[in-house]
There are 2 protein chains.
Amino acid sequence: MNPGTPNLAAPAAPPADLAARLKALADPARLAIVAFLREPQADCCSRGDGVCGCDLEGVLELSQPTVSHHMKVLVEAGLVHAERRGRWVYYELDTSALEALSEDLRRLGHVAPVLSRPTDRPGSTGKG
Amino acid sequence: MNPGTPNLAAPAAPPADLAARLKALADPARLAIVAFLREPQADCCSRGDGVCGCDLEGVLELSQPTVSHHMKVLVEAGLVHAERRGRWVYYELDTSALEALSEDLRRLGHVAPVLSRPTDRPGSTGKG
DNA sequence: TCCATCTATTGACGAACATCGATACGTCGA
DNA sequence: TCGACGTATCGATGTTCGTCAATAGATGGA
């Protein structure tokens, strides 16, 4: 079932996946993960180019399956990249994706510099 | 049970209420509400300085209690202001709150311009 | 090959959430 | 005062979410 864009073409409707990306971050645990990915304090096997999952468990005080679940959510939202190296999986923050999300939020607050300005609205001659 | 801040003092932990503010926006209906508040197409009683709840019902195709619930969430998150005028309640987007949220997200992606810059990082001499 | 280690998946459980119908509250006009 | 109208709250319901224990999968070393 693809609802598609509804009958009204919103002037500058938020991206369809914006809610999903926000939801991926709207959790204290995942927020803590992102904050840690930004400035990892190497503990067992993390390096400059990534943080391994085992380090996250210790920092977050969460079980391994829970951490794995949260990482999956973040990766599927495109906010974090995962790369397997041997036994470990190294996670890296996608700063550009985060910046894009920030920008989408900023656009929500301002009247968007509409990309293709149509003629103009047919006037709200509706019932007053 | 208040876990409080864990043993480690994160270098630049995200604001405590960031998850709550993100959660308030992490819903397609509320995202649509915000987008509509930004560029209201007056229908019944909305004006330049606010949108009344009855207009939102029509746009969102949601029941009145549901709309009222969503507005409460947005107001409590500080993203929307509500003002009663007679029978109606006019809602207005708090663009500065939205911008602050955007900025908090941007900070998540970059190594924060730490407020109190300590000496400097002692290089990652961690055990590899 | 076998074992240790790290990660992903499954299944279950309780909490939180989105939604609605019914109803109470507040305000305006007759 | 009373009815109409917009809004808020309550109670119920089905869904989603966060969490964990158990288990399977993947990888490297002995």
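The structure presented is a predicted model; accordingly, all values stated were derived computationally and were not measured. In what follows, chains are A, B, ... by sequence order, proteins preceding strands, each numbered from 1.
B/Arg85 contributes no side-chain N or O that, together with a main-chain N or O of B/Arg87, makes up a donor-acceptor pair within less than 3.5 Å. Listed for the B/Arg38 side chain is a donor-acceptor partner under 3.5 Å among the backbone atoms of A/Arg107. Using a distance-only test at 3.5 Å, with no hydrogens or angles considered, a donor-acceptor pair links the side chain of B/Ser102 to the main chain of A/Ser102.
Atom C1' of nucleotide C/dA8 and atom CG of A/Leu74 are separated by 16 Å, given to the nearest angstrom. One atom, CZ of A/Arg84, and another, P of D/dG28, lie 9 Å apart when rounded to the nearest Å. Straight-line distance from the NZ atom of A/Lys72 to the P atom of C/dT9: 4 Å, rounded to whole Å. Straight-line distance from the CG atom of A/Asp55 to the P atom of C/dT7: 9 Å, rounded to whole Å. Between the C1' atom of D/dC20 and the CD atom of A/Glu57 lies a distance of 12 Å, rounded to the nearest Å. Going from atom CZ of A/Arg85 over to atom C1' of D/dA26 covers 17 Å, rounded to whole Å.
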Quick one: side chains of residues 16-32 of chain A, donor-acceptor pairs under 3.5 Å with protein atoms, not counting sequence neighbours, listed by atom name and distance.
from, atom 1, to, atom 2, distance (Å)
A/Asp17, OD1, A/Arg21, NH2, 3.4
A/Asp17, OD2, A/Arg21, NE, 3.4
A/Arg21, NH1, A/Asp104, OD2, 3.2
A/Arg21, NH2, A/Asp104, OD2, 2.9
A/Asp27, OD2, A/Ala29, N, 2.9
A/Asp27, OD2, A/Arg30, N, 3.2
A/Arg30, NE, A/Ala24, O, 2.5
A/Arg30, NH1, A/His70, ND1, 3.0
A/Arg30, NH2, A/Lys23, O, 3.2

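Of the candidates C/dT7, D/dT7, C/dC28, the closest approach to any side-chain atom of B/Arg87 belongs to C/dC28.
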Could you go through nucleotides 12-21 of chain C and list every protein N or O atom that sits under 3.5 Å from one of its N or O atoms, giving the distance for each pair?
from, atom 1, to, atom 2, distance (Å)
C/dA18, OP1, B/Arg30, NH1, 3.4
C/dA18, OP1, B/Arg30, NH2, 2.8
C/dA18, OP2, B/His69, NE2, 3.4
C/dT19, OP2, B/His70, NE2, 2.2
C/dC20, OP2, B/Ser63, N, 3.0
C/dC20, OP2, B/Ser63, OG, 2.9
C/dC20, OP2, B/Thr66, OG1, 2.8

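Rounding to the nearest 0.5 angstrom, the gap separating the CG atom in A/Leu37 from the CG atom in A/Asp55 is 10.5 Å.
Using a 4.5 Å cut-off on side-chain heavy atoms (C-beta onward), A/Leu79 and A/Val34 make no contact.
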